Amino acid sequence: MPELPEIEVLRRSLEPHLLGDRIERVEVLNPALREPVDAAGLRRSAAGREVAALRRRSKYLLIDLAGGRTVVVHLGMSGRLTLAPAGAPLEPHEHVAFHLRSGRRLRLRDPRRFGMVLALPTADLSADPHFAHLGVEPLEPGYAGATLAGAARGRRGPVKPFLMDATVVVGLGNIYATETLFRAGVHPTRSVARISERRWERLASSSIEVLRHAITQGGTTLNDFADGEGRSGYFQVALAVYGREGEPCPACAAPVRRIVQAGRSTFYCPRCQK
DNA sequence: CGGGCGGCCTGGAGGC
DNA sequence: TGCCTCCAGGCCGCCC
């Protein structure tokens, strides 16, 4: 489900509640996620620790704890991480619950089980195999057309899967790569070898605009995304082409087309995207 | 080595 | 109402 904007929205919604609170107890209800949850390790790392910071890297939420360890949460496709009041009943597909000093519990539900939860030493995060290969953060300084152009040098293949390649730039999944291409006026099948400097600049700035706009709208809720307090996002109404096969392009009214690239749906306007 | 594809899972939607 | 097929926001490993 969630791409960069959704995780950033989640981070911001949880931050005021979790900062300074303490994880009293960790309950692993069902360890079967993409990587089996190491219940004992998670407990050792997190139980009795105060939350020192909430960060995000790529599509991972990072919960830094006092004592030098970080709880890493990935929502996969269908994960939800929400705060529940004390005594709230277990919900279906609840995998992990962090019981807080405040009485609430931070719980992870994930029907499709593509998510993950692990605890790592905070200082070594970037060296961990989950993070070591990741590319630049698109909302941090230094990301620009030259970043993309440099990564594309010597490569071939269509630009859409390239934008979704997390070793190049992180956070762009199927929705936001699709919307970025529309905003930049670039055809999704165009080879990365045939994109000008100016187009790379446009792609970079378009991606930043799309991501920022989505964050201000609370992310995109197609089915299951919700922030830490269970609120849905609104960006789905602002999607220009994603999920809109056959509907008129918002710019020129030509019917939006759907194709499949690398096994994923791509939507584009055949007139606006060259 | 880079790119494409299947597989991991469950649930919801739509067709019949 | 029920059954079947298709599809879904991520990511990894295998294959060519």
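Predicted model, so just to flag it, every value in this text is computed and none were measured. No hydrogens, no waters, no symmetry mates; every other heavy atom, side chains included, goes into these values. Reminder, nothing fancy here: chain letters follow the sequence lines and each chain counts from 1.
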* Protein proximity profile, nucleotides 6-13 of chain B - base contact B, sugar-phosphate-only contact S, no contact -, cut-off 4.0 Å on heavy atoms -> --BBBS--

Between atom [atom1] in [X] and atom [atom2] in [N], what is the gap in whole Å?
X	N	atom1	atom2	value
A/Phe225	C/dA8	CZ	C1'	16 Å
A/Met164	C/dA8	CE	P	11 Å
A/Asp165	B/dC1	CG	C1'	13 Å
A/His130	C/dC12	NE2	P	7 Å
A/Asp110	C/dA8	CG	P	18 Å
A/Met116	C/dC12	CE	P	6 Å
A/Met77	C/dC6	CE	C1'	14 Å
A/Leu33	C/dG10	CG	P	17 Å

* Closest approach of A/Ala204 to A/Ser207 (non-hydrogen atoms, all atoms of both residues) -> O-OG, 2.6 Å

* **Pairwise 5' ranking along DNA chain B for A/Gly263 and A/Gly154, keeping only the more 5' one** =>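 Of the two residues, A/Gly154 wins.
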
Any side-chain N or O of [X] less than 4.0 Å from the OP1 or OP2 oxygen of [N]?
X	N	value
A/Tyr60	C/dG10	no
A/Lys59	C/dG9	no
A/His74	C/dG10	no

Considering every strand and a 4.0 Å limit on heavy-atom distances, what is the contact class for [X]: base, sugar-phosphate, or nothing?
X	value
A/Gly157	nothing
A/Arg264	base
A/Phe162	nothing

* Asked: Above 12 or not: heavy atoms from other molecules or residues under 6.0 Å from CZ of A/Arg257?
  -> no

* Please indicate whether A/Arg156 has more than 12 foreign heavy atoms, meaning atoms of other residues, nucleotides or ligands, lying under 6.0 Å from its CZ. =>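 No, the 6.0 Å shell around CZ holds no more than 12 heavy atoms from other groups.
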
* Asked: Is the backbone N or O of A/Glu94 less than 3.5 Å from a side-chain atom of A/Arg107, with the two atoms forming a donor-acceptor pair by type?
  -> no

* Keeping the roles fixed (side chain from A/Arg202, backbone from A/Arg183), state whether a donor-acceptor pair exists under 3.5 Å. => yes

* Asked: Contacts to DNA chain B from residues 229-237 of chain A, heavy-atom cutoff under 4.0 Å, which residues?
  -> none

* **Donor-acceptor side-chain pairing of A/Tyr176 and A/Thr220 below 3.5 angstrom** => yes

* To do: May I ask you to check whether A/Ser45 and A/Arg69 show a side-chain donor-acceptor distance below 3.5 Å?
  =>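 Yes - a donor-acceptor pair under 3.5 Å links their side chains.
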
* To do: Determine the Euclidean distance between corresponding P atoms of B/dC9 and C/dC14; express it in Å to zero decimal places.
  => 16 Å

* Asked: Using atom P of each nucleotide, how far apart are C/dC11 and B/dG12 to the nearest Å?
  -> 23 Å

* Structure fact -> For DNA chain B, the expected dot-bracket line (Watson-Crick or G-U under 3.5 Å, [ ] crossing, | inter-strand) is .|||||||.|||||||

* Only one of A/Arg11, A/Arg57, A/Arg55 forms a salt bridge (Lys or Arg N to Asp or Glu O under 4.0 Å) with A/Asp64, so which one is it? ->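 Only match with A/Asp64 under salt bridge (Lys or Arg N to Asp or Glu O under 4.0 Å): A/Arg55.
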
* Structure fact -> Distance col, row A/His74:NE2 vs A/Leu62:CG, nearest 0.5 angstrom, shows 11.0 Å

* **Among C/dC12, B/dG2, C/dG9, the nucleotide that comes nearest once only the side chain of A/His133 is considered** =>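 The answer is C/dC12, which lies nearest to the side chain.
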
* **All pairs passing ring pair (Phe, Tyr, Trp, His ring centres under 6.0 Å) where residues 143-167 of chain A contributes a residue, at least two apart** =>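 Counting only pairs at least two positions apart or across chains, the ring pair (Phe, Tyr, Trp, His ring centres under 6.0 Å) contacts touching residues 143-167 of chain A are A/Phe162-A/Trp200.
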
List the atom pairs, donor and acceptor, that lie under 3.5 Å between side-chain atoms in residues 210-218 of chain A and the rest of the protein, sequence neighbours left out.
unit_1, atom_1, unit_2, atom_2, d
A/Thr216, OG1, A/His213, O, 2.7

* To do: Output yes when A/Glu27 and A/Arg105 qualify as a salt bridge under the 4.0 Å nitrogen-oxygen rule, no when they do not.
  => no

* Quick one: list whatever passes ring pair (Phe, Tyr, Trp, His ring centres under 6.0 Å) with A/Phe131, sequence neighbours left out. =>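 For A/Phe131 the ring pair (Phe, Tyr, Trp, His ring centres under 6.0 Å) partners, ignoring immediate neighbours, are A/Tyr60.
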
